[in-house]
Amino acid sequence: MTPGATSFRQEPRSSDPAGVREIVESTGFFRPAEADVAVELVEDRLARGERSGYYFVFADEGGRTIGYACFGPIACTVRSFDLFWIAVRASHQGRGLGRALIARSEAAVAGMGGARIYVETSTLPKYAPTLAFYERCGYRKEAFLEDFYDTGDGKLVYVKVLPSPPPSAAPGR
């Protein structure tokens, strides 16, 4: 990643649904229905704000969104979060942007009191670089569900336990 060339933000803009669709479609990894879901999450956040339960980190360069991550708390859990989406425009992959997006997402989750982040992904061979990416970022395989997405396309669930914040110093010490 070129220092200073990429800026990051957390609040979605009205132009982000179209930008997210372009990013997701550029990767060649997702079916049209999956791209629709990615867009719906941004639209829900724009419409309902934090009540949507969706949080984002967007990466911009030259006035264009080139990558993003979407995460949020898992319903009925206390400190567990899902990383719903992380995608980088195909033309910008291989520059460390995915690692920067995931690090910023993890920091935001930790700031909201999160202790664990879960990621779900496909077992199709084309996802091998994705699996390696999560493992390089400190995620470990937690579960495998055979034929989850389709016959021959299982689901892997990865998890990362976030570092606990240091205990605060006791008063008077």
Side-chain angles (χ1 to χ4, degrees), residues 1 5-77 80-109 111-112 114 116-131 133-134 137 139 145 147-150 153-160:
M1 201 162 52
T6 304
S7 62
F8 296 89
R9 61 185 164 85
Q10 293 184 327
E11 288 303 317
R13 299 176 183 154
S14 60
S15 60
D16 285 329
V20 161
R21 181 176 300 281
E22 287 175 13
I23 292 165
V24 169
E25 289 176 350
S26 79
T27 69
F29 276 64
F30 304 103
R31 295 185 290 261
E34 292 171 308
D36 291 343
V37 169
V39 169
E40 287 172 14
L41 301 186
V42 180
E43 291 172 337
D44 194 28
R45 173 60 190 237
L46 286 168
R48 298 182 341 136
E50 287 188 15
R51 289 179 304 140
S52 69
Y54 301 118
Y55 296 84
F56 294 87
V57 176
F58 295 93
D60 297 324
E61 188 174 282
R64 182 178 183 202
T65 302
I66 58 171
Y68 86 106
C70 175
F71 53 92
I74 300 172
C76 301
T77 69
S80 295
F81 281 67
D82 269 325
L83 177 63
F84 299 112
W85 286 90
I86 183 166
V88 173
R89 195 175 294 274
S91 60
H92 289 75
Q93 292 177 0
R95 299 181 5 192
L97 192 54
R99 193 176 286 272
L101 286 166
I102 207 164
R104 283 171 170 76
S105 298
E106 290 169 0
V109 167
M112 290 188 273
R116 291 175 173 260
I117 301 176
Y118 292 88
V119 180
E120 300 173 5
T121 192
S122 171
T123 60
L124 289 176
K126 72 179 179 179
Y127 282 85
T130 302
L131 307 182
F133 167 75
Y134 289 130
C137 290
Y139 288 75
L145 298 144
D147 297 332
F148 182 85
Y149 297 109
D150 197 357
D153 185 5
K155 174 166 80 170
L156 286 174
V157 179
Y158 279 80
V159 64
K160 183 171 186 178

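Side chains included, hydrogens not; waters and symmetry mates left out as well; all remaining heavy atoms used. The residues of the chain are indexed from 1 along the displayed sequence.
Gln10 places no side-chain N or O within 3.5 Å of a backbone atom of Tyr55 that could act as its donor or acceptor partner. Under a 3.5 Å cut-off, the side chain of Lys155 and the backbone N or O of Glu120 do not form any donor-acceptor pair. Side chain of Ser26 to backbone of Ala90: a donor-acceptor contact under 3.5 angstrom is found. The main-chain N or O of Ser52 is never found under 3.5 Å from a side-chain atom of Arg45 such that the two would form a donor-acceptor pair.
For the pair Tyr54 and Glu40, the minimum side-chain heavy-atom distance is 4.5 Å or more. Residues Val159 and Ile117 fail the side-chain proximity criterion, which asks for heavy atoms closer than 4.5 Å. For the pair Val24 and Trp85, the minimum side-chain heavy-atom distance is below 4.5 Å. Proximity of Leu97 to Arg89: side-chain heavy atoms (C-beta onward) are nowhere separated by under 4.5 Å. A heavy-atom distance below 4.5 Å is not found between the side chains of Phe58 and Arg13.
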Does the pair Val109 and Arg116 meet the rule for a side chain to side chain contact (heavy atoms under 4.5 Å, CB included), with working shown? CA-CA 9 Å; Val109 167; Arg116 291 175 173 260; over 6 Å; no
I'd like to know whether Leu101 forms a side chain to side chain contact (heavy atoms under 4.5 Å, CB included) with Phe8, so could you lay out the CA-CA distance, the side-chain angles of the two residues, the decisive distance to 0.1 Å, and finally the verdict. CA-CA 8 Å; Leu101 286 166; Phe8 296 89; 4.1 Å; yes
Could you give me the CA-CA distance, side-chain angles and deciding distance for Ile102 and Tyr139, then say whether side chain to side chain contact (heavy atoms under 4.5 Å, CB included) is met? CA-CA 11 Å; Ile102 207 164; Tyr139 288 75; 3.6 Å; yes
Worked verdict on Leu83 versus Tyr158 for side chain to side chain contact (heavy atoms under 4.5 Å, CB included): CA-CA 10 Å; Leu83 177 63; Tyr158 279 80; over 6 Å; no
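Listed by first then second residue, pairs satisfying ring-ring contact (aromatic ring centres under 6.0 Å, His included) with a partner in residues 89-108 number zero, not counting sequence neighbours.
In this structure, Asp16 pairs ionically with Arg9, as a charged nitrogen and a carboxylate oxygen lie closer than 4.0 Å. Arg95 and Glu61 are joined by a salt bridge, as a carboxylate oxygen and a charged side-chain nitrogen come within less than 4.0 angstrom of each other.
Ring orientation note: the planes of Tyr127 and Phe29 are nearly perpendicular, at an angle over 60° on the 30°/60° scale.
With rounding to the nearest 0.5 angstrom, the CG atom of Leu124 is 10.0 Å from the CG atom of Leu131. Rounding to the nearest 0.5 Å gives a distance of 9.0 Å between OG1 of Thr6 and CG of Asp60. In this structure, Thr123 OG1 and Leu156 CG are separated by 6.0 Å, a value rounded to the nearest 0.5 Å. Here the CG atom belonging to Leu46 is positioned 8.0 Å from the CZ atom belonging to Phe56, to the nearest 0.5 angstrom. In this structure, CD on Glu106 lies 10.0 Å from CZ on Phe71, to the nearest 0.5 angstrom. Here the CZ atom belonging to Arg64 is positioned 5.5 Å from the OG atom belonging to Ser91, to the nearest 0.5 angstrom.
Shortest non-hydrogen contact noted between Leu41 and Cys70 is CD1-SG, 4.0 Å. Nearest heavy-atom pair, Cys137 versus Arg99, reported as atom, atom and distance to 0.1 Å: SG-NH1, 4.1 Å. Between Gly154 and Tyr149 the shortest heavy-atom distance is O-CD1, 3.4 Å. Listed here is the closest heavy atom pair of Arg21 and Ala35: NH1-CB, 3.9 Å.
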